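The model shown is predicted, which means the values in this text are computed figures rather than measured ones.
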Amino acid sequence: MRKWVKHEDPNNKYQATFTLGNKSVSLPKDAVVSVTRGENFNIPRLLINGLLNQFIMKALSRNENLLYAELTGQLQGGVGQTLTVWKDPKLMNNFRTKGFHNFSRRFFSWIFYSGSVKSYFHTWKLTETIPSSDEAEKFVIENGRFFQGGKLIRKANHHKIS
């Protein structure tokens, strides 16, 4: 089983990133990246999201269809971002709709779609390299499906990037 690696931010004791896999992995022709981002989580949302993510991280580490994953959290601002890279969009959707992730979606609706939370979601085909965390953040904020306080503000823009 693959292992998650924690990368603490030396400049911010309230932020860390966890990675699984090699970011330099060779990408198959059908590879996709999926990014989920939440902002303005309060403490209860952060705690429940963190707990659920522990179980999802375990399931991801056993999933052979996942090429790479990166989870970033920042206590200040209540920010969480997940970037996953999959061999194929059907394989990603299978993980999303089955097992513990599917169970967790019941709680994610409260975490991501209420209060003052801003939520962004996007999946797109990779053509060259896996984006950096900052590139993924910028792209999902500008192009992803966007909800504010549970209200859909914008649908995803599906143009292609590298």
Side-chain angles (χ1 to χ4, degrees), residues 4 7 9 12 14-20 23 30-60 63 65-127 130-162:
W4 287 90
H7 309 272
D9 184 338
N12 185 346
Y14 299 109
Q15 181 170 329
T17 298
F18 294 85
T19 58
L20 179 69
K23 198 168 189 172
D30 292 328
V32 293
V33 61
S34 181
V35 178
T36 300
R37 181 177 176 82
E39 299 174 351
N40 301 330
F41 290 152
N42 59 21
I43 296 298
R45 282 186 175 85
L46 277 171
L47 292 173
I48 293 170
N49 189 49
L51 177 67
L52 294 171
N53 272 328
Q54 289 299 308
F55 291 103
I56 292 170
M57 287 168 71
K58 190 170 187 174
L60 285 170
N63 193 306
N65 300 310
L66 178 75
L67 298 171
Y68 178 77
E70 190 173 285
L71 280 70
T72 303
Q74 182 178 354
L75 195 56
Q76 296 166 316
V79 176
Q81 179 171 295
T82 304
L83 178 149
T84 53
V85 179
W86 299 86
K87 292 178 181 177
D88 176 290
K90 292 176 187 168
L91 299 170
M92 178 202 71
N93 196 47
N94 187 49
F95 178 83
R96 191 176 64 86
T97 59
K98 303 241 182 330
F100 195 82
H101 190 281
N102 190 46
F103 171 79
S104 298
R105 289 168 58 185
R106 297 175 206 165
F107 299 97
F108 286 152
S109 63
W110 175 76
I111 294 167
F112 284 100
Y113 301 121
S114 61
S116 62
V117 174
K118 293 180 180 180
S119 304
Y120 306 88
F121 307 89
H122 206 1
T123 301
W124 67 94
K125 184 175 173 63
L126 283 176
T127 56
I130 297 172
S132 70
S133 186
D134 290 341
E135 290 168 334
E137 174 187 346
K138 183 177 189 299
F139 189 78
V140 76
I141 288 173
E142 292 176 358
N143 298 286
R145 191 168 21 125
F146 171 46
F147 292 85
Q148 186 164 7
K151 181 179 178 192
L152 178 65
I153 304 298
R154 176 189 69 227
K155 292 183 177 182
N157 177 0
H158 288 288
H159 71 275
K160 295 180 180 177
I161 68 163
S162 296

Quick one: OH on Y14 to CG on D9, what's the gap to the nearest 0.5 Å?
13.0 Å
So do K87 and D30 actually touch side chain to side chain, heavy atoms under 4.5 Å?
no
Would a 4.5 Å heavy-atom cut-off, applied to side chains only, mark L60 and W4 as touching?
yes
Identify the two heavy atoms, one from A31 and one from L67, that lie closest to each other, and give their separation to 0.1 Å.
CB-CD1, 4.4 Å
T123 and its side-chain contact (heavy atoms from CB on, under 4.5 Å) partner, picked from V35, T84, N93, V32
V32
Can you establish whether the number of heavy atoms outside K23 located under 6.0 Å from its atom NZ is more than 12?
yes
Is any side-chain heavy atom of L126 closer than 4.5 Å to a side-chain heavy atom of P131?
yes
Is L75 close to I43 at the side-chain level, that is, under 4.5 Å between some pair of heavy atoms?
yes
Measure the spacing between CG of N49 and OG1 of T82 and express it to the nearest 0.5 Å.
7.0 Å
Looking only at heavy atoms, the pair that brings N63 and F95 closest together is ND2-CD1, 3.3 Å
Candidate pair Y120 and E142, rule side chain to side chain contact (heavy atoms under 4.5 Å, CB included), full reasoning:
CA-CA 9 Å; Y120 306 88; E142 292 176 358; over 6 Å; no
Distance from T17 atom OG1 to Q74 atom CD, nearest 0.5 Å?
10.0 Å
Nearest 0.5 Å please: distance from the CD1 atom of I141 over to the CD atom of E39.
4.5 Å
Aromatic rings F139 and H122: how do their planes relate, parallel, tilted or perpendicular, breaks at 30° and 60°?
parallel
Taking all atoms of both residues into account, what is the closest heavy-atom pair of Q15 and T72, and its distance?
NE2-CG2, 4.1 Å
Mind checking whether V79 and F41 have side chains closer than 4.5 Å, heavy atoms only?
no
Do L20 and M57 touch side chain to side chain, with heavy atoms closer than 4.5 Å?
no
Distance, nearest 0.5 Å, that separates CG of L46 from CG of N40
10.5 Å
Residues Q81 and S133: closest non-hydrogen pair is NE2-O, 3.3 Å
Any non-hydrogen side-chain atom of K125 less than 4.5 Å from a side-chain atom of P89?
no
Distance, nearest 0.5 Å, that separates NZ of K155 from CZ of F146:
16.0 Å
Pairwise side-chain contact, Y68 with L83, heavy-atom cut-off 4.5 Å (strictly under):
yes
